[in-house]
Number of protein chains: 2
Amino acid sequence: METKTAVRSLAGLAQDSRLSIFRYLVVCGPGGAVVNEIAEEIGLSGSTLSFHLKGLVHAGLAESFSEGRYIRYRANFSAMKGLIDYLTLHCCEGHPERCRPAKAS
Amino acid sequence: METKTAVRSLAGLAQDSRLSIFRYLVVCGPGGAVVNEIAEEIGLSGSTLSFHLKGLVHAGLAESFSEGRYIRYRANFSAMKGLIDYLTLHCCEGHPERCRPAKAS
DNA sequence: TCCATAATTCTAGCAATATAGAAATATGGA
DNA sequence: TCCATATTTCTATATTGCTAGAATTATGGA
């Protein structure tokens with residue numbers, strides 16, 4: 001993962017509402033959730049939620065699919081994996097033991 | 001790691017200049033670097049650099065130590081590990097294979 | 001003591017972000 | 001076609017973040 005992408009992913013998650021949304025999508029798994037469901041879970045106005053969902057998609061952390069008049073969002077797990085790998089690599093360059101002293105779980 | 005802490009860590013890294021500073025500190029290892037050295041590496045005005053170093057410290061991602069008239073900064077590797085663990089856990093809740101399909105490196 | 005150097009804080013301006021109400025768009029069903 | 005529902009976009013506002021020049025503080029050396 002490029003540094004530019006990493007910054008965008010980090011920024012995507014670096015906010016209470018967005019991290020909550022993303023975490024909820026993660027819990028939902030590959031089935032994702034439609035907007036209304038997320039709104040009930042997170043408790044934000046529709047416009048604010050839409051704003052943040054757009055942010056997550058733009059950051060590559062979520063994807064959306066039309067489903068009739070519903071729109072389903074789903075976490076992008078591979079983007080997440082990419083971010084974790086980036087952090088693991090660039091936090092530990094040449095010194096893996098510093099960041100992952102315990103066994104990889 | 002608590003979610004609040006995670007957001008703070010993510011925000012600490014979610015910016016070009018700060019991520020560059022942090023990555024440089026990581027490369028420096030436990031020896032860290034003094035401010036002037038970082039400034040030459042990153043190329044920011046003193047005040048801006050100071051502003052971001054404060055941000056990293058506030059986010060728990062770096063620590064500072066007086067050294068005569070120099071101030072040495074060092075990456076906080078365990079905070080980084082905490083963040084990676086948080087992301088690994090909450091990105092994969094109940095579905096570890098989704099985010100770490102390959103072997104843990 | 002006086003000066004040069006290291007770093008921070010102060011100040012100010014500009015850009016970006018977060019929020020929500022209102023209006024607009026789109027879909028499915030009666 | 002008309003309406004209710006789902007979601008987004010528009011608009012506006014308040015807050016926060018990024019940047020750097022100038023002033024300030026602190027240290028070590030001559």
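The chains referred to below are lettered A, B, ... by the order of the sequence lines, with proteins before strands, and numbering in each begins at 1. Just so it is clear, the model here is predicted, and its values are computed rather than measured.
- For Gln15(A), a side-chain nitrogen or oxygen approaches OP1 or OP2 of dT19(C) to under 4.0 Å.
- Under the 3.5 Å distance criterion, the side-chain polar atoms of Thr88(B) are matched with a main-chain donor or acceptor of Ile84(B).
- dA20(C) atom P lies 8 Å from atom NE2 of His52(A), rounded to whole Å.
- One interatomic measurement links the two molecules: CG of Asp16(A) to C1' of dT16(D), which rounds to 14 Å at whole-angstrom precision.
- Glu37(B) and Tyr24(B) share a side-chain donor-acceptor pair at under 3.5 Å.
- Atom pair Ile21(B):CD1 and dA7(C):C1' shows a separation of 14 Å (rounding to whole Å applied).
- Here the SG-CZ distance, from Cys28(A) to Arg72(A), works out to 8.5 Å after rounding to the nearest 0.5 Å.
- A distance-only check finds a donor-acceptor pair linking the side chain of Arg18(B) to the backbone of Gly12(B) [under 3.5 Å].
- Listed candidates were dC18(D), dT7(D), dT5(C). Nearest to the side chain of Arg69(B) is dT5(C).
- Residues Leu44(A) and Glu67(A) both approach DNA chain C. Their nearest nucleotides, taken by heavy-atom distance, put Leu44(A) toward the 5′ side.
- Using a 4.0 Å heavy-atom distance criterion, Arg72(A) is classed as making no nucleic acid contact.
- Atom CZ in Arg18(B) sits roughly 12 Å away from atom C1' in dT16(D) (whole-Å rounding).
- One atom, CG of Leu56(A), and another, P of dA18(C), lie 11 Å apart when rounded to the nearest Å.
- One atom, CD of Glu40(A), and another, P of dT7(D), lie 10 Å apart when rounded to the nearest Å.
- Rounded to an integer number of Å, the gap from Ile42(B) CD1 to dT19(D) P is 12 Å.
- Summarising the local packing, CD of Glu67(A) is surrounded by more than 12 heavy atoms from other residues, nucleotides or ligands at distances under 6.0 Å.
- Contact detail for Tyr73(B) and Ile38(B): the closest heavy-atom pair is CB-CD1, 4.3 Å.
- Side-chain contact check for Tyr86(A) and Thr5(A): no donor-acceptor pair (N or O, by modelled atom type) lies under 3.5 Å.
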With 3.5 Å as the limit, what N/O pairs link the protein to nucleotides 8-10 of chain C?
{"unit_1": "dT8(C)", "atom_1": "OP1", "unit_2": "Tyr73(B)", "atom_2": "OH", "d": "2.4"}
{"unit_1": "dT8(C)", "atom_1": "OP2", "unit_2": "Ser50(B)", "atom_2": "OG", "d": "2.8"}
{"unit_1": "dT8(C)", "atom_1": "O5'", "unit_2": "Ser50(B)", "atom_2": "OG", "d": "3.1"}

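- Separating the OH atom of Tyr70(A) from the P atom of dA6(D) is a distance of 5 Å, rounded to the nearest angstrom.
- Ser66(B) comes within 4.0 angstrom of no nucleic acid atom, judged by non-hydrogen atoms across all strands.
- For Asn36(B), a side-chain nitrogen or oxygen approaches OP1 or OP2 of dA7(C) to under 4.0 Å.
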